Amino acid sequence: DRLPQDSVIINEPVSVYDKYKFVIWTTIFVIMLLTILVISLTLNIIKRIRLESELQQHKDQLERRVGQRTKELAEANESLKESERKLEKAQELAKVGHYVLDIQSETWKSSLKLDEILGIDETFEKNINSWLILIHPDHRGMMEKYFQSDVLTHHKKFDKNYQIIDFQSGQEKWVHG
């Protein structure tokens, strides 16, 4: 304050702040950016850990459900196998069999007892034409017409007595389908 107003000081010592002002502010700015980055990464890691924990809980729950469903399916399969064994036994005792017709493919699947009644085995091609071959020649035309008209066209239940020829033995048999 004692110097004249327009005087210039020569060799005035420069303060550290003035000398390194740019470096100081740049360092502060970089430290702030790094702090924000660290906080952001920390929050991201915390969120990821929480989500991984939730995901693990859902995975465990799903595995329990799969285990439960697998057990239920195994029990249902065993029950189904038991029912099939009982059905086969009942069909054996009653000397009846059953079949399932797939109209789209014109093929059918049959029980072992029906195969035995018809005199066929698993190598026999099971389609409508091969079924017609099993029918006694005196009944073949009537059965083909009945099947085409009543069953396929008018969607009636197949309910007919007719004669077949046992494929293996050639024996004539009466069946109901």
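Computed from a predicted structure; not experimentally measured. For reference, positions follow the sequence shown, starting with 1.
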Review point. Taking atom NE2 of His154 as the centre, does the number of heavy atoms from other residues, nucleotides or ligands within less than 6.0 Å exceed 12?
Key: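 Counting other residues, nucleotides and ligands, NE2 of His154 stays at 12 neighbours or fewer.
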
Practice item. Kindly check if the number of other-residue, nucleotide or ligand heavy atoms within 6.0 Å of CZ (Phe124) is above 12? Key: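 It does: Phe124 CZ has more than 12 such atoms within range.
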
Quick check: closest heavy atoms across [X] and [Y], and the distance to 0.1 Å?
| X | Y | value |
| --- | --- | --- |
| Val16 | Ile24 | O-CD1, 4.5 Å |
| Asn127 | Trp108 | O-NE1, 3.0 Å |
| Ser111 | Gly97 | OG-CA, 3.4 Å |
| Tyr162 | Ile135 | CE1-CG1, 3.9 Å |

All side-chain contact (heavy atoms from CB on, under 4.5 Å) counterparts of [X], not counting sequence neighbours:
| X | answer |
| --- | --- |
| Asp6 | none |
| Arg69 | Glu72 |
| Ile9 | Leu3, Glu12 |

Exercise for review: Give, for atom CE of Met143 and atom CD of Gln163, the distance between the pair rounded to the nearest 0.5 Å.
Suggested key: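 Atom-to-atom, Met143:CE and Gln163:CD are 12.0 Å apart.
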
Exercise for review: Please determine if Glu78 and Lys81 form a salt bridge, counting it only when a charged side-chain N lies under 4.0 Å from a carboxylate O.
Suggested key: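 Salt bridge: no.
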
Review point. Is Arg85 paired with Glu82 through a side-chain N to carboxylate O contact shorter than 4.0 Å?
Key: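 Yes, charged N to carboxylate O under 4.0 Å.
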
Listing request: all side chain to side chain donor-acceptor pair (under 3.5 Å) pairs with a residue in [range], at least two apart in sequence or in separate chains.
| range | result |
| --- | --- |
| residues 19-34 | Tyr17-Trp25 |
| residues 132-147 | His136-Glu172 |
| residues 95-104 | Gln91-His98, Asp102-Ser105 |

Shared ILVMFWY cluster between [X] and [Y], side chains joined below 4.5 angstrom?
| X | Y | value |
| --- | --- | --- |
| Leu132 | Phe158 | yes |
| Ile117 | Leu87 | no |
| Ile128 | Ile165 | no |

Exercise for review: Would you sort out whether Val175 and Asn161 count as a side-chain contact (heavy atoms from CB on, under 4.5 Å), showing the intermediate values?
Suggested key: CA-CA 6 Å; Val175 295; Asn161 290 319; over 6 Å; no

Review point. Can a donor-acceptor pair be found between the side chains of Asp115 and Ser110 at a distance below 3.5 Å?
Key: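 A donor-acceptor contact under 3.5 Å links the two side chains.
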
Mind checking side-chain hydrogen bond (donor to acceptor under 3.5 Å, both in side chains) for [X] and listing every partner two or more places apart, or none if nothing turns up?
| X | value |
| --- | --- |
| Glu54 | none |
| His58 | none |
| Thr123 | Asp121 |
| Ser79 | none |

**Study point:** Polar side-chain atom of Thr153 near backbone of Gln148 as donor-acceptor pair, under 3.5 Å
**Key:**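 Checking the backbone N and O of Gln148 against the side chain of Thr153, a donor-acceptor pair under 3.5 Å is found.
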
Under 4.5 Å between any side-chain heavy atoms of [X] and [Y], yes or no?
| X | Y | result |
| --- | --- | --- |
| Ile164 | Leu118 | yes |
| Leu134 | Ile120 | yes |
| Asp60 | Arg64 | yes |
| Thr70 | Arg65 | no |
| His155 | Val151 | no |

Practice item. Return the orientation label for the Trp131 and Phe147 ring planes: parallel under 30°, perpendicular over 60°, tilted otherwise. Key: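 Plane angle between 30° and 60°, so tilted.
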
**Study point:** Pair listing, salt bridge (charged side-chain N to carboxylate O under 4.0 Å, His left out) test, anchored in residues 159-171, at least two apart
**Key:**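 As it turns out, the salt bridge (charged side-chain N to carboxylate O under 4.0 Å, His left out) pairs with a partner in residues 159-171, which skip direct neighbours, are Asp166-Lys173.
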
Show every donor-acceptor pair shorter than 3.5 Å between a side-chain atom in residues 29-51 and any protein atom, with sequence neighbours excluded, or say none if there are none.
{"from": "Thr35", "atom 1": "OG1", "to": "Ile31", "atom 2": "O", "distance (Å)": "2.7"}
{"from": "Thr42", "atom 1": "OG1", "to": "Val38", "atom 2": "O", "distance (Å)": "2.7"}
{"from": "Arg48", "atom 1": "NE", "to": "Glu52", "atom 2": "OE2", "distance (Å)": "3.1"}

